[in-house]
Amino acid sequence: MAGTNSERELIAEGPAIILVHPQLGENIGMVARAMANFGLAELRLVNPRDGWPSEKAISAASKADHVINAARVFASLEEAVADLNFVYATTARDRYGYKEVRSPVYAAETLRTRFRAGETTGILFGRERTGLTNEEIALADELVTFPVNPAFASLNLAQAVLLMSYEWMKTGVTSPNATAFQALPQRPAEKNELQGLFDHVEEALDSRGYFRPAAKKPKLIENLRSALTRPSFTGSEIQVLRGIISCLDRFTRESPRGAGAPAVNRTRNRRPKVARDEQ
């Protein structure tokens, strides 16, 4: 699968993801995939409707085997959270109670702090259609809700898990601007390479009468050089550009590269045909 690399470190830590009465095996599999994407590995299932294990879940997990194979099934939510120190419950609906309601960013930071302190934590996600009941929410310490369109707040189960997993992963990076990989380093072009590009472009344009009227040539060259110095080219980029100019300079639409010599050259030195009866 694109993006997977078994030779790199596999991150598998953080809060348990607890699905309460999930209905479809496919959704469980997509949840496992979302967890694996962002370093979560502990999946707990409370009475999955279609039973467990599930071939559909395994297929939808797209190689998140370490999550699927370690998933645990519980008969009740009470059993699923019994060993945890702190639990968030996710909801998209207004709840009138005494529990604090947190944003995903705040919740993820709290979970990271507790994780570093050695506490066990979890996040509850409810049924695909109806979410969590008030009785189930009562077992959580705090609520977390997503900043969604208030007129269309329903999230797919895997989407909700993905959002929380993403926020969890962000709390573990050294900088909010950090990325998993960088572009390969490139050698900046030297001034003599840039001058060669100037000369190449100017000669190609001059031979085609671009710099007209002649009085405006110095200004046109100045503008051209300003445009070419703006991007801060690398050495390889200079080579690409000069290759393009050479191709345009040598070949035409009628005689493209790979079609043999241009037509004018193919006939220039060709001997006239001799009729067979003259041979």
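Keep in mind that the numbers below use all heavy atoms, side chains included, and drop hydrogens, waters and symmetry copies.
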Donor-acceptor under 3.5 Å ([X] side chain, [Y] main chain):
X	Y	value
Thr130	Arg127	no
Glu128	Leu24	yes
Thr229	Ser226	yes
Ser207	Ala204	yes
Glu222	Lys219	no
Thr145	Thr91	yes
Glu203	His200	no
Glu109	Tyr106	no
Thr90	Leu124	yes

Taking only residues two or more places apart in sequence or in another chain, which ones pass ring pair (Phe, Tyr, Trp, His ring centres under 6.0 Å) with [X]?
X	value
Tyr88	Phe86
Tyr166	Phe38
Phe211	none

I'd like to check [X] versus [Y] (side-chain heavy atoms, cut-off strictly below 4.5 Å). Are they in contact?
X	Y	answer
Leu228	Phe198	yes
Leu43	Ile28	yes
Leu40	Ser165	yes
Leu77	Glu135	no
Val73	Asn47	no
Phe125	Met164	yes
Leu45	Ile18	no

Salt-bridge contact [X]-[Y] (side-chain N to carboxylate O under 4.0 Å):
X	Y	result
Lys99	Glu142	no
Arg208	Asp249	yes
Arg112	Glu13	yes
Arg44	Glu42	yes
Glu237	Arg242	no

With a sphere of 6.0 Å drawn around CZ of Arg230, does it hold more than 12 non-hydrogen atoms of other residues, nucleotides or ligands?
no

Side chains of [X] and [Y]: do they bring a donor and an acceptor to under 3.5 Å?
X	Y	value
Gln195	Asp199	yes
Gln23	Asp50	no
Ser62	Arg33	yes

Check against side chain to side chain donor-acceptor pair (under 3.5 Å), Glu136 and Thr133:
CA-CA 5 Å; Glu136 291 160 348; Thr133 66; 3.3 Å; yes

